[in-house]
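Numbered from 1 within each chain, the chains take letters A, B, ... in sequence-line order. These numbers were taken from a predicted model, which means no experiment stands behind them.
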There are 2 protein chains.
Amino acid sequence: MIADALSTAPDAPTRQASVRLGALAHETRLTVFRALMRAGPEGLAAGALAEAAQVSASNLSSHLGVLLGAGLVSVRRDGRQRIYAPDFEAVRELLGFLVNECCQGAPEVCGGLVKC
Amino acid sequence: MIADALSTAPDAPTRQASVRLGALAHETRLTVFRALMRAGPEGLAAGALAEAAQVSASNLSSHLGVLLGAGLVSVRRDGRQRIYAPDFEAVRELLGFLVNECCQGAPEVCGGLVKC
DNA sequence: CAAATATTTCAAGAGATATTGAAATGAGAA
DNA sequence: TTCTCATTTCAATATCTCTTGAAATATTTG
């Protein structure tokens, strides 16, 4: 599909949002993602995440690949471990997309949501 | 699995959030959901949604079933059409879950997000 | 260098989801 | 009643996604 001027392909933000939502739409990945958000920019090693989520290293690794592919996390190497950290900008984008969607129809849905 | 005191099954909110995220994690469904949010409580007929998302009636119907199963939308019958409407309470719950997760690690991610 | 550690990659099988088109259902209109 | 319209249900197929375990890779330590 080189040029699809006549098709109704969803726009890029919608596509990206659905990829990111899909990345979070798995209990193991959501658990891992929550742990990373709690950990903050420092991040956590893959091993620590495997333990937190109670899954095998290889299973975890494939889930981390999905989160990475969605751009929700990043990795860096530290010695023999790999440290994963949340990508806050991506999270902000995703939340912004959802909030904007919901506010269009119902501002009251969002009001009072952010109580940081 | 009647009693899983020793297992590390994710808690109910996490499970519910992952089901709802999964329901939104599809371009057709996300498009449909956006249209419903924009339409507001009045909702939209299945036919209108099929046209908006450019998919067949039967394909749309199965996607609506997923959104319904996740509790993100409700249906009512009006003559021979079925009108779908967003469930704002469910949306609020989901956004609240995400925002709380992200605020735990990084309050600044959420700040200034709600500009309704 | 050899051993140990942390993690990823790969391949295979299982399971879940998506897409189609045809048939069924349930109104309302003629 | 019979026709048409709006929508769902069903069954079949196709396509992803998950999970596993074994093997590969990279890095530090002895």
Over how many whole Å does the gap from B:E27 atom CD to C:dA18 atom C1' extend? 13 Å
Answer with yes or no whether the hydrophobic clustering places B:V91 together with B:L68; edges join I, L, V, M, F, W, Y residues whose side-chain heavy atoms lie under 4.5 Å apart. yes
Specify the residue among A:R29 and B:A45 whose closest nucleotide of DNA chain D lies further upstream toward the 5′ end. B:A45
Heavy atoms only, 4.0 Å cut-off, all strands: where does B:A46 land among base, sugar-phosphate and nothing? sugar-phosphate
Between D:dA6 atom P and B:L44 atom CG, what is the distance in whole Å? 15 Å
The nucleotide from D:dT8, D:dA6, C:dT7 with an atom nearest the side chain of B:Q81 is D:dA6
With hydrophobic residues grouped by side-chain heavy-atom distances under 4.5 Å, do B:V75 and B:L36 end up in a single group? yes
So which one's nearest nucleotide on DNA chain C is more toward 5', B:G22 or A:G47? A:G47
Phosphate OP1/OP2 of D:dA6 contacted by B:Y84 side-chain N/O (<4.0 Å): no
Under 3.5 Å, which donor-acceptor pairs do the side chains of residues 55-63 of chain A form with other protein atoms, sequence neighbours left out?
| unit_1 | atom_1 | unit_2 | atom_2 | d |
| --- | --- | --- | --- | --- |
| A:S56 | OG | A:N59 | N | 3.1 |
| A:N59 | OD1 | A:H63 | NE2 | 3.1 |
| A:S62 | OG | A:N59 | O | 3.2 |
| A:H63 | ND1 | A:R29 | NH1 | 3.1 |

Would you kindly give the CZ-to-P distance between B:R76 and C:dG26, to the nearest whole Å? 20 Å
List the protein contact pattern of nucleotides 19-29 of chain D with one symbol per nucleotide (5' to 3'): B for base contact, S for sugar-phosphate-only contact, - for none; contact means a heavy-atom distance under 4.0 Å. BBBB---SBBS
Any pair with a residue in residues 76-88 of chain B that passes salt bridge (Lys or Arg N to Asp or Glu O under 4.0 Å), sequence neighbours left out, goes on the list, sorted by first then second residue, please. none
Flag yes if A:F88 and B:F97 sit in one hydrophobic cluster, no otherwise; membership is Ile, Leu, Val, Met, Phe, Trp, Tyr, and two members link when side-chain heavy atoms are under 4.5 Å apart. yes
For the pair made of CD in B:E51 and P in D:dC5, what is the distance, rounded to whole Å? 16 Å
Would you say B:L44 and B:L67 are hydrophobically clustered, going by side-chain heavy atoms of ILVMFWY under 4.5 Å? yes
In whole angstrom, what separates B:L60's CG from C:dA18's C1'? 13 Å
With a non-hydrogen cut-off below 4.0 angstrom, is A:A50 in contact with a base, only sugar-phosphate, or nothing? nothing
So which heavy atom on A:M37 is nearest to which on A:P86, and how close? SD-CB, 3.5 Å
Atom CD1 of A:I83 to atom C1' of C:dT8: distance rounded to whole Å? 15 Å
